[in-house]
Amino acid sequence: MAAKTDFILRKRAKVMVALLCAGLAVVNIYSLPKIVFAKGEEYREAARMIQLGTTTLPALRGTIYDANMTVLASSSYAWNLCISPNVIKTDETREDIVNTLSGMLSIDKDKLHDIVYDKDDAYEVIKRKMTAEEKNEVADYIAAKGEQYKHGDYTGILYFETSSNRYYPGGSLASCVLGYIDSDGIGRSGLEASYEEELSGTDGRIISAKNGVQGNVESDYESIIKAEDGVGVVSTIHSSIQYYLEKAMEQGTADAKAAGVYGIVQDVNTGAILAMASMPDFDPNNAYTVADAKTQKSLKKIKDNDKYNNARLDALYTQWRNDAVSYCYEPGSVFKSCTLATGLDVDAFDESESYCCVGFYNIAGNRIGCVNTYGHGTQSLEQGLMNSCNPFFIHLGQKIGREDYYKYFKAFGFTEKTGIDLPAEYVPAAGINYHTEDDFSVANLASYSFGQTFKVSPIQMITGISAIANGGHLMKPYVVSATVDSEGNILSATEPVEKRQVISESTSRRVRKMMEQVVENGTGKNAYIAGYHVAGKTATSQKLDAKQDNLYLASFACYAPADDPKVAVLVVVDEPKGEYHGGSMVAAPIAREVMEQTLAYLNVEPDYSDEELAGLSSTAPDLTGRTVSNAKQMAANQGFVVRVVGDGDKVISQMPSALTSIPVNGVIVIYTEETTDKETVEVPDFRGKTVSEVNNVGVNAGLNIEFSGPSLLEGGTVAYKQSISSGTKVEAGSTVTVYFHSTSDTED
């Protein structure tokens with residue numbers, strides 16, 4: 001019975017196998033043509049993708065240069081360390097990789113453990129952007145372990161892929177202009193974003209055969225497509241001028257306790273941007289690190305994770321934003337320069353115009369006050385500008401009329417983007433940031449005439465000021481002068497673009513003359529620079545849409561030399577909360593410092609008046625080798641004070657050295673013995689002192705004082721800053737620059 005049962009089961013099994021084979025045959029008969037003909041190419045392509053691997057050869061991002069071909073941003077090759085966890089055969093190998101690499105490369109041990117033990121794929125990145133030194137150290141480790149373990153071929157487990165690093169040698173210098181790149185190497189702000197296509201280049205590829213676990217195998221099938229590196233971008237930025245601007249703005253931000261400061265230096269004749277900054281700034285080498293110390297403290301106080309992450313993201317977006325281009329503000333009295341230019345150009349008035357200010361102006365049912373509540377009395381046109389008298393300029397605006405005023409408002413470019421080659425430029429919005437032509441009322445005309453109830457961007461404002469300075473030509477601002485290949489050959493060049501003629505050459509000359517008087521004798525005297533004729537205008541505007549009252553914007557715009565303008569500077573101080581908040585005290589000193597250094601850098605020759613020449617520095621005589629008595633007599637004859645160190649009879653050395661420029665009546669320290677230690681003195685605190693007080697304290701301390709600021713011959717001028725901090729030990733005879741300003745904080 002059992003034998004019969006076995007026979008039946010075997011027979012059934014054979015039948016089942018036969019039926020299965022027949023079924024498979026039928027399926028193959030009908031499916032094979034479909035696979036070969038209908039889906040053949042699709043399956044062949046899938047097979048090729050499995051059998052072939054592609055390795056990216058990254059293109060190096062193009063270099064960004066300053067105007068003198070100094071590197072501002074560059075790229076170099078780096079390496080990512082990758083691992084294939086699916087081919088690791090022993091726990092011994094896993095443990096060794098985790099322990100060794102976590103220490104060697106400062107990698108989080110727990111995270112590396114998770115990758116090595118728990119992942120089962122062919123590609124994981126352990127560390128990105130390794131240096132050549134790190135790569136070589138890991139390569140030595142791979143080679144050693146590959147020979148040591150028969151069942152743990154480290155060469156197949158660990159491998160490198162080529163990447164690149166972006167480096168900004170100046171750190172935060174010009175960060176708002178340069179921008180930054182994200183983790184994928186894509187430009188996200190500044191020139192990195194606006195010139196992404198030119199800078200990025202085209203990645204190359206290596207196509208090679210792969211085995212079942214995606215490892216390379218020996219094969220004749222390998223194709224290499226070379227990478228094409230990005231082109232270089234030459235900016236109009238001068239690193240030296242950028243440094244002057246940022247240092248002055250940094251100090252100004254601290255002094256004014258301001259929320260922000262925005263500054264631009266522009267070539268008035270071409271529109272080229274020589275420097276641009278927005279404070280607080282950031283370091284593009286660490287773009288995702290919140291740089292501002294105050295913001296960092298605020299973030300640390302947030303305990304809720306979601307709130308912290310949102311606040312941190314907001315802080316990053318804020319530091320990346322270039323407010324010199326993206327911010328809009330009430331320009332205030334700086335805009336009176338445009339009102340003046342408009343009126344002169346349409347012959348609504350001339351230089352003989354006068355007006356009696358009684359401290360206010362009534363118009364359209366509104367009483368608009370003057371900063372001088374008692375009134376300025378009768379003023380000439382030039383005096384009205386010098387005093388920044390609001391009622392006078394309302395009077396001028398009414399004489400111009402709505403139609404002409406609005407026509408010139410548009411002609412100066414305040415209803416359109418400037419077209420600067422930087423991303424996220426502020427877009428003027430009709431009805432939001434300025435009134436439409438149909439809605440431009442008599443009341444609007446009154447407030448516009450002194451720079452309120454509308455907004456502009458800093459780049460719009462300085463472009464308009466430059467048009468006043470350069471003969472009336474509204475130039476398109478730009479930041480890139482050329483693109484170049486790796487050899488420095490020019491691929492493309494930027495030509496200056498004149499958008500239109502806004503005012504006549506004659507009007508330009510007339511306005512320049514009056515704006516020069518603002519600095520010589522008016523509200524802008526804190527921008528006075530000996531030897532240079534500076535034309536400018538101060539402003540103190542109220543933030544009308546601020547969440548709290550009594551928030552201001554202090555600004556100052558200027559250009560020089562007034563008779564042949566070359567450079568314009570605009571500084572906007574946002575929400576100053578220090579002792580002063582007026583443009584004359586807060587913004588003008590910053591602009592003056594930048595302008596003085598910039599003109600010297602550009603080799604613009606000073607033109608001193610007789611009065612200025614009398615207070616200039618002189619050249620230290622060569623006293624070495626002379627007897628002490630002879631040296632004293634020689635120095636005294638030239639107006640210098642001598643301090644003797646040592647008991648010798650002859651001068652061995654001196655400080656300052658011969659032919660050094662030092663102030664008239666300065667100090668020369670002479671040493672009479674070789675072994676004598678250099679005499680050191682402590683720098684006093686000069687701040688708050690008058691010119692004569694600073695001079696006396698400096699000479700008594702054995703220091704030379706270089707004066708900088710408004711006319712030193714008039715009263716009401718005190719020191720507010722010094723080049724060497726008080727308490728610092730310096731060699732006797734050293735020169736300290738002391739900066740002065742007028743103590744009149746005019747709100748205009």
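No cation-pi contact links R402 to F440, judged by a cut-off of 6.0 Å to the six-membered ring centre and 45° from its axis.
Between the side chain of E693 and the backbone N or O of F686 there is no donor-acceptor pair closer than 3.5 Å. A donor-acceptor contact shorter than 3.5 Å links the side chain of T540 to the backbone of G583. Remark: side-chain polar atoms of Q242 are not paired, donor with acceptor, to backbone N or O of L274 under 3.5 angstrom. N470 contributes a side-chain N or O that, together with a main-chain N or O of V268, makes up a donor-acceptor pair within less than 3.5 Å. A side-chain donor-acceptor contact under 3.5 Å links N444 to the backbone of S441. For N433 (side chain) and K455 (main-chain N/O), no donor-acceptor pair under 3.5 Å exists by modelled atom type. Checked by atom type and distance alone, the side chain of N526 never pairs as donor or acceptor with a backbone atom of P589 at under 3.5 Å. Using modelled atom types, no side-chain atom of T690 and backbone atom of V718 make a donor-acceptor pair closer than 3.5 Å. Looking at T339, its side chain does come within 3.5 Å of a backbone N or O of S449 through a donor-acceptor pair. Although no hydrogens or angles enter the test, the distance criterion places no donor-acceptor pair under 3.5 Å between the side chain of S726 and the main chain of D685.
For R500, the CZ atom counts as densely surrounded, since its 6.0 Å shell holds more than 12 non-hydrogen atoms of other residues, nucleotides or ligands. The neighbour count for E403 CD, taken as heavy atoms of other residues, nucleotides or ligands under 6.0 Å away, does not exceed 12. Y601 OH: more than 12 foreign heavy atoms inside a 6.0 Å radius. Dense packing is recorded around NZ of K499, with more than 12 heavy atoms of other residues, nucleotides or ligands lying under 6.0 Å away. The environment of NZ in K543 is crowded: more than 12 heavy-atom neighbours from other residues, nucleotides or ligands sit within 6.0 Å.
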Could you walk me through whether K417 and S457 pass the side-chain hydrogen bond (donor to acceptor under 3.5 Å, both in side chains) check? CA-CA 9 Å; K417 296 170 70 172; S457 66; over 6 Å; no
Dump the intermediate steps for side-chain contact (heavy atoms from CB on, under 4.5 Å) on D545 and E330, then the final yes or no. CA-CA 10 Å; D545 57 357; E330 293 89 349; 4.0 Å; yes
Checking I503 against Y408 for the side-chain contact (heavy atoms from CB on, under 4.5 Å) test, could you report, in this order, the C-alpha distance in whole Å, the side-chain angles of both residues, the deciding distance, and whether it holds? CA-CA 9 Å; I503 58 174; Y408 276 77; 4.0 Å; yes
Derivation and outcome, side-chain contact (heavy atoms from CB on, under 4.5 Å), residues I400 and F349: CA-CA 8 Å; I400 294 169; F349 46 78; 4.1 Å; yes
Should N387 and F392 be marked as a side-chain contact (heavy atoms from CB on, under 4.5 Å) after you check the CA-CA gap, both sets of side-chain angles, and the distance that decides it? CA-CA 10 Å; N387 295 328; F392 200 151; over 6 Å; no
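E250 has a carboxylate O that lies under 4.0 Å from a charged side-chain N of K247, or vice versa, which qualifies the two as a salt bridge. Ionic pairing of R510 and E353 is not present here: no N-O contact between side-chain nitrogen and carboxylate oxygen is shorter than 4.0 angstrom. Look at K721 and E593 and you find a salt bridge, because one of the NZ, NE, NH1 or NH2 atoms lies within 4.0 Å of a carboxylate O, short of that distance. D292 has no carboxylate O lying under 4.0 Å from a charged side-chain N of K294, or vice versa, which leaves the two without a salt bridge.
Under the side chain to side chain contact (heavy atoms under 4.5 Å, CB included) test applied with M461, the options I459, I465, T463 reduce to a single match, I465. Only one option out of F454, F450, Y448 pairs with F335 in a ring pair (Phe, Tyr, Trp, His ring centres under 6.0 Å); it is F454.
Scanning all heavy atoms of the two residues, the minimum distance from P565 to A469 falls at CG-O, 3.3 Å. Residue S708 comes nearest to E596 through the heavy atom pair OG-OE1, 3.2 Å, listed as atom of the first residue, atom of the second, then distance. Across all their heavy atoms, D323 and R321 have their closest contact at OD1-NE, 2.6 Å.
A donor-acceptor contact under 3.5 angstrom links the side chains of Q517 and N521, judged on distance only. A donor-acceptor contact closer than 3.5 angstrom links the side chains of S352 and D350. There is a side-chain donor-acceptor pair under 3.5 Å between Y262 and D574. If you check the side chains of T418 and E425, you find a donor sitting under 3.5 Å from an acceptor. No side-chain donor-acceptor contact under 3.5 Å links S175 and S172. No side-chain donor-acceptor contact under 3.5 Å links S692 and N695.
Separation of the F414 and Y434 ring centroids does not fall under the 6.0 Å cut-off.
How far CG of L422 is from CD1 of I273: 8.0 Å, rounded to the nearest 0.5 Å.
Evaluation of the side chain to side chain contact (heavy atoms under 4.5 Å, CB included) rule for A560 yields V534, M595, L599 as partners, not counting sequence neighbours.
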